[in-house]
Amino acid sequence: KAGVTQTPRYLIKTRGQQVTLSCSPISGHRSVSWYQQTPGQGLQFLFEYFSETQRNKGNFPGRFSGRQFSNSRSEMNVSTLELGDSALYLCASSSPGQGALNYGYTFGSGTRLTVV
Amino acid sequence: SQQGEEDPQALSIQEGENATMNCSYKTSINNLQWYRQNSGRGLVHLILIRSNEREKHSGRLRVTLDTSKKSSSLLITASRAADTASYFCATASYTDKLIFGTGTRLQVFP
């Protein structure tokens, strides 16, 4: 079956702009998590959605937001982009209802965002 | 915030040698997982060990978990050049959130 699909793969934006990233989880997976990866901070948890509800949230400013649709596809939005938002944004899905407590996550290939 | 710290940060070995990576974490966990990442791509799940397990094997991988010391190790036996990647431990607490460690960069020379 198809894996986790993230679009776009690469993105270049200017400071102050906003950006929307998309993630389609594995069919049947209802939990979607987002991570930011940078050389300095490593893999940082952004948020997790399950059945259209945000279930967990990391320590990021309100400029970072997300949502999940009824088909489990998820989007994350970053408003008023800063240079420090340049990162690889990774989306992961996990089996319905169980998430990290019982199964591993399946990751997408990520979206590399560059803010100039 | 990051739950785990991994040691060493970088490791270089020859093909055929064993590679051992260690992970320490801070809080109580439900399970601990190991992932591999090839050069800026997505992460691949390798193995999951639950808090009531002490050792687990999968192919050339052996994972141990010591909850009293809040530490885990990943052993890759008979390393291959294709094992060159970054390896991350990740802990799952009872809030069902997966928190990653800092990672170990493994380089396997042919």
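Side chains are part of it too, since the values below use all heavy atoms of this structure and drop only hydrogens, waters and symmetry mates. Quick note on labels: first sequence line is chain A, next is B, and so on, each numbered from 1. Just so it is clear, the model here is predicted, and its values are computed rather than measured.
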(request) For residues A:F47 and A:F45, establish whether the separation of their ring centroids is below 6.0 Å. (result) no

(request) Please state whether the side chain, the backbone, both or neither of A:S33 comes within less than 4.5 Å of a heavy atom of chain B. (result) neither

(request) Look at B:E15 together with B:R80 and state whether they make a salt bridge at an N to O cut-off of under 4.0 Å. (result) no

(request) Output every pair passing ring-ring contact (aromatic ring centres under 6.0 Å, His included) with a member in residues 35-84 of chain B, not counting sequence neighbours, ordered by first then second residue. (result) A:F107-B:Y35, B:Y35-B:H45, B:Y35-B:F100

(request) May I ask you to list the residues in residues 80-92 of chain A that approach chain B closer than 4.5 angstrom, counting heavy atoms only, ordered by number? (result) A:L88, A:L90

(message) My understanding is that only residues two or more places apart in sequence, or in another chain, count here; which of them pass ring pair (Phe, Tyr, Trp, His ring centres under 6.0 Å) with A:F69?
(response) none

(request) Quick one: list whatever passes salt bridge (Lys or Arg N to Asp or Glu O under 4.0 Å) with B:R105, sequence neighbours left out. (result) none

(request) Might you point out which heavy atoms bring B:F88 and B:G101 nearest each other, and give the distance in Å? (result) CD2-O, 3.5 Å

(message) Could you check whether B:R60 pairs with B:D83 (Lys NZ or Arg NE/NH1/NH2 to Asp/Glu carboxylate O, under 4.0 Å)?
(response) yes

(request) Name the region of A:Q6, side chain, backbone, both or neither, that has any atom closer than 4.5 Å to a heavy atom of chain B. (result) neither

